[in-house]
Amino acid sequence: MRSVVLALLMLGLGPALAGENNAGRGPVLPTLDYANTRYSGLDQITTANVGQLKAAWTYSTGVLRGHEGAPLVIGHVMIVHTPFPNTVTALDLDQDGRILWRYAPRQEAGVVAVMCCDTVHRGPAYQDGRIFLQLADTTVVALDVETGRVLWSVRNGDPARGETNTAAVMPVGDKLIVGLSGGEYGARCPVTAYDQATGRRLWRAYATGPDHEMLVDPLRTTELGRPVGENSSLKSWEGEQWKTGGGCAWGWFSYDPELNLIYYGTGNPSTWNPAQRPGDNRWAMAIVARDAGTGVARWVYQMTPHDQWDYDGVNEMILTEQEIGGRRRRLLTHFDRNGFGYTLDRETGEVLVAEKFDPSVNWAKRIDLDRASPTYGRPVVDARYAPGLTGEDETVTGICPGALGAKNQQPAAYSPRTGLFYVPTNHMCMDYEAFHVTYTPGQPYVGATLTLHPPPGTERTGAFIAWDNLSGRIKWSIPEPFSVWSGALATAGGVVFYGTLEGYLKAADAETGRELYRFKTPSGIVGNVTTYLHKGRQYVAVLSGIGGWAGIGLAAGLTDPAEGSGAVGGYAGLSQYTAAGGQLTVFALPER
């Protein structure tokens, strides 16, 4: 156990194990640590006393829509962010949350019209006295943590081309790593590194196109141990379709300081109509490992070649060191929207485990893990659920999971105490009809209509599960009436926390899954539960505010069941349980 915790510390485990809320110069991240474990070493709140939690204080953000992400705590200062217009507020924890400063950026309201799946934002990050974030209109900003003063700003993309942002950023060394959204508009999205002190661009890497623009070395960049070869992306597209090919990185980043590698996933290829883009469409739908200094890709692995279902691969990469096959290895675990939980060697990109983490998954029978097979690492697709085989204007029914995935961007957690991953999941299927669409800059480039619905025989659309990444098996599962769209938190107290779309903060025993606590907040929770220490006392905090893809109907006042790419109809019952809101709720044990 001690060696596992030390390994996590070496990976940059964040505030909970680095002093009281990292009041020094090190990074403070919405994922808690570079390894994306979302594990806290705080242990005042335990399985024995978590049932005594009380709401300690609350704060209204003043903004509706989906509140994803989590607050940051740096010393005695809490940083709270909102959805569009991406207001950032600093609260003084020493003075009952008194507002120290507020940054209220001016953005053109027109950017909202080109944001896919709600106006969410997953939060800022901190390092060396600076708060960093990328706004919805793609402006990257550095703020002074003491005053909120803008130190520098730079535009990262162009909303007129459908390029927007919902994701958090990640400071690494002297660099700031940022992604981009826009796959539903045919945007060709890069990952970019900026200088933290000045905002100067240092490198930029795309997921599609020629090698020099992707920062790929055809001889040294590998997939599954083999060099990708020259023009690996260009050969997998027809003509110049790669120029509108998507592959956006709008999810989470992780980082291994010893290997100096950044890990992230790329999103869907454009359009959603697979008939219009024959080929594997590399390197959309892939995990990418890049050198933090140069941006050059060390390895890539494409999870869903020639995506036919909108299974973006952007979900977080969780880094651990575990023993597998009698050998201690640096691992990367990823719960993909396609419904498979992958365990890879993060040094080489070798796929070690790939199993379904939701029992309803049917689009593929399995992932080929025979290293001698010419299809090693590829999914064995079930032709009954492949829209690309039926042609345009025909509906394929009963595809599982739906386009929002067996898990969306809501991050899982890992506990070195149990060796288990705690995963918020969707239990949702879809009917899918592809149609021809023409690319126009700044206009939707989707080419498919969806109907979302639960799997046959159930009305349940979610679960919170514990996953063994070495065996590829579910250890326990908590059924939920709606998809779990909140990020999980695991703690040294043996408790795991998550939120629900109805608005409950829940706590469960990390070993057994037994529910230990629940509290109803004012609105549905799509934020990520976090914890911090203040004046020696442990607190738990979460943002509530219904939204995101699952909650877009309530967030945006939509009523047509087909709107929100089918989410309005798929989650129609949610309106009986919650309403729009925007609030931070902070919990603590009673003072003795």
So, does [X] use its side chain to make a donor-acceptor pair with the main chain of [Y] at under 3.5 Å?
{"X": "Gln196", "Y": "Gly173", "value": "yes"}
{"X": "Tyr126", "Y": "Gly129", "value": "yes"}
{"X": "Arg38", "Y": "Ala490", "value": "no"}
{"X": "Trp299", "Y": "Val288", "value": "no"}
{"X": "Thr266", "Y": "Ala286", "value": "yes"}
{"X": "Ser486", "Y": "Gly527", "value": "yes"}

Could you check whether [X] pairs with [Y] (Lys NZ or Arg NE/NH1/NH2 to Asp/Glu carboxylate O, under 4.0 Å)?
{"X": "Glu316", "Y": "Lys407", "value": "yes"}
{"X": "Arg188", "Y": "Glu163", "value": "no"}
{"X": "Glu258", "Y": "Arg330", "value": "yes"}

Partners passing ring pair (Phe, Tyr, Trp, His ring centres under 6.0 Å) against Tyr422 (at least two apart in sequence or in another chain):
Trp476

pair [X]-[Y]: side-chain heavy atoms closer than 4.5 Å:
{"X": "Arg122", "Y": "Trp250", "value": "yes"}
{"X": "Val540", "Y": "Val529", "value": "yes"}
{"X": "Tyr255", "Y": "Asn36", "value": "no"}
{"X": "Trp252", "Y": "Pro411", "value": "yes"}
{"X": "Pro416", "Y": "Tyr414", "value": "yes"}
{"X": "Met285", "Y": "Asn338", "value": "no"}

Pairs of donor and acceptor atoms involving the side chains of residues 219-228, under 3.5 Å and at least two apart or interchain, shall be tabulated with distances.
| from | atom 1 | to | atom 2 | distance (Å) |
| --- | --- | --- | --- | --- |
| Thr221 | OG1 | Asp217 | N | 3.0 |
| Thr221 | OG1 | Asp217 | O | 3.2 |
| Thr221 | OG1 | Ala297 | O | 2.6 |
| Glu223 | OE1 | Arg282 | NH2 | 3.4 |
| Glu223 | OE2 | Gln302 | N | 3.1 |

[X]: what forms a salt bridge (Lys or Arg N to Asp or Glu O under 4.0 Å) with it, not counting sequence neighbours?
{"X": "Arg65", "result": "Asp118"}
{"X": "Asp310", "result": "Arg337"}
{"X": "Arg298", "result": "none"}
{"X": "Lys235", "result": "none"}

Rounded to the nearest 0.5 Å, how far does [atom2] of [Y] lie from [atom1] of [X]?
{"X": "Asn315", "Y": "His334", "atom1": "CG", "atom2": "NE2", "result": "5.5 Å"}
{"X": "Tyr311", "Y": "Asn268", "atom1": "OH", "atom2": "CG", "result": "12.5 Å"}
{"X": "Phe421", "Y": "Thr320", "atom1": "CZ", "atom2": "OG1", "result": "4.5 Å"}

[X] and [Y]: side chain donor to acceptor below 3.5 Å:
{"X": "Gln134", "Y": "Asn156", "result": "yes"}
{"X": "Asp307", "Y": "Thr304", "result": "no"}
{"X": "Asn281", "Y": "His306", "result": "yes"}
{"X": "Ser232", "Y": "Trp283", "result": "yes"}

Is it true that atom CZ of Arg106 has more than 12 heavy atoms of other residues, nucleotides or ligands lying nearer than 6.0 Å?
no

I'd like to know whether Phe340 forms a ring pair (Phe, Tyr, Trp, His ring centres under 6.0 Å) with Phe357, so could you lay out the CA-CA distance, the side-chain angles of the two residues, the decisive distance to 0.1 Å, and finally the verdict.
CA-CA 6 Å; Phe340 285 86; Phe357 62 89; 8.4 Å; no

Could you tell me how the ring of [X] sits relative to the ring of [Y]: parallel (under 30°), tilted (30 to 60°) or perpendicular (over 60°)?
{"X": "His121", "Y": "His81", "answer": "perpendicular"}
{"X": "Phe132", "Y": "Trp152", "answer": "tilted"}
{"X": "His534", "Y": "Tyr539", "answer": "tilted"}

